[in-house]
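A short write-up of the structure that comes next.
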Amino acid sequence: MLTYERIYAVVRQIPRGQVATYGQVAELAGLVGKPRLVGYALYRVDMTSDVPWHRVINAKGEISQSPLRYGNDYRQRSLLEDEGIAFDQGGRLDLGQYRWRPPDTVIEQALAVLRETLDEEP
DNA sequence: CAGATGACAAGAT
DNA sequence: AATCTTGCCATCT
């Protein structure tokens with residue numbers, strides 16, 4: 001519960017018109033090297049919540065597909081296009097152009113979480 | 001309590 | 001360039 005809440009807290013900070021990768025969100029949530037957890041967390045997110053789940057994509061600049069999403073992957077692309085993001089014919093966007101550069105305040109929060117988790121482990 | 005379940009990423013082939 | 005390993009773990013039943 002706490003872990004997923006941290007992930008959602010990071011995703012909520014991604015501004016409109018920009019995107020972050022799963023790995024990037026993981027790092028900012030204090031889960032370095034565990035990008036899959038972000039995918040697991042987003043699978044369970046409530047689409048009507050205030051979490052902008054559509055702004056998280058994979059490291060290749062693509063929307064991660066899954067048959068179990070029943071069309072929400074297509075909806076994700078549509079939402080991003082509404083925010084002014086363009087896709088090429090391969091279904092990819094330009095990470096160099098749209099990737100979110102987190103402000104120092106967000107990085108500070110991430111470091112605080114890291115110190116916290118270091119205290120827990122012996 | 002044990003097993004199943006999921007939106008990833010980097011490296012090797 | 002495309003496909004195949006491997007590491008990763010909180011939730012749900």
Under 3.5 Å donor-acceptor, A/Tyr4 side chain and A/Val45 backbone | no

Contacts of type side-chain contact (heavy atoms from CB on, under 4.5 Å), residue A/Glu108, not counting sequence neighbours | none

Got a second to check how far A/Ile85's CD1 is from A/Ile57's CD1, nearest 0.5 Å?
-> 7.5 Å

Those residues that, when tested against A/Arg77, pass side-chain contact (heavy atoms from CB on, under 4.5 Å) (two or more places apart) = A/Ile63, A/Glu81, A/Phe87

Whole Å only: how far is the CZ atom of A/Arg6 from the C1' atom of C/dA10?
-> 12 Å

With sequence neighbours excluded, residues passing side chain to side chain donor-acceptor pair (under 3.5 Å) with A/Arg92 | none

Would you tell me if any nitrogen or oxygen in the side chain of A/Tyr43 comes within less than 4.0 Å of OP1 or OP2 on B/dG6?
-> yes

Taking side-chain contact (heavy atoms from CB on, under 4.5 Å) as the test, write out the residues that go with A/Gln18, two or more places apart.
-> A/Pro15, A/Trp100

Rounded to whole angstrom units, what separation is found between the CD atom of A/Gln65 and the P atom of B/dC8?
-> 11 Å

A/Glu62 has an atom CD; how far is it from atom P of C/dT3, in whole Å?
-> 11 Å

Calculate the interatomic distance between A/Leu42 atom CG and B/dT5 atom C1'; express it in whole Å.
-> 16 Å

Can you tell me how far P of C/dC8 sits from CG of A/Leu37, to the nearest Å?
-> 11 Å

For A/Arg36 and B/dT5, give me the distance from atom CZ to atom P, rounded to whole Å.
-> 13 Å

For the pair made of OH in A/Tyr4 and P in B/dT5, what is the distance, rounded to whole Å?
-> 15 Å

What's the CG-C1' distance between A/Leu68 and B/dA4, to the nearest Å?
-> 13 Å

May I ask you to list the residues of residues 70-85 of chain A, by number, that have any heavy atom positioned under 4.0 Å from an atom of DNA chain B?
-> none

Kindly indicate whether the side chain of A/Val11, heavy atoms from C-beta on, has any atom under 4.5 Å from the side chain of A/Arg55.
-> no

Between protein and nucleic acid, restricted to nucleotides 9-13 of chain B and to nitrogen or oxygen atoms under 3.5 Å apart, what atom pairs and distances do you find?
| from | atom 1 | to | atom 2 | distance (Å) |
| --- | --- | --- | --- | --- |
| B/dA9 | OP1 | A/Tyr22 | N | 3.2 |
| B/dA9 | OP1 | A/Gly23 | N | 3.1 |
| B/dA9 | OP2 | A/Ala59 | N | 2.7 |

Taking side chain as C-beta onward, heavy atoms only, is A/Tyr22 less than 4.5 Å from A/Ser64?
-> yes

Would you find a donor on one side and an acceptor on the other, under 3.5 Å apart, between the side chain of A/Gln76 and the backbone of A/Val56?
-> yes

N/O donor-acceptor pair, side chain A/Arg44 with base B/dG6, under 3.5 angstrom | no

In whole angstrom, give me the gap between the P atoms of B/dG6 and C/dG7.
-> 22 Å

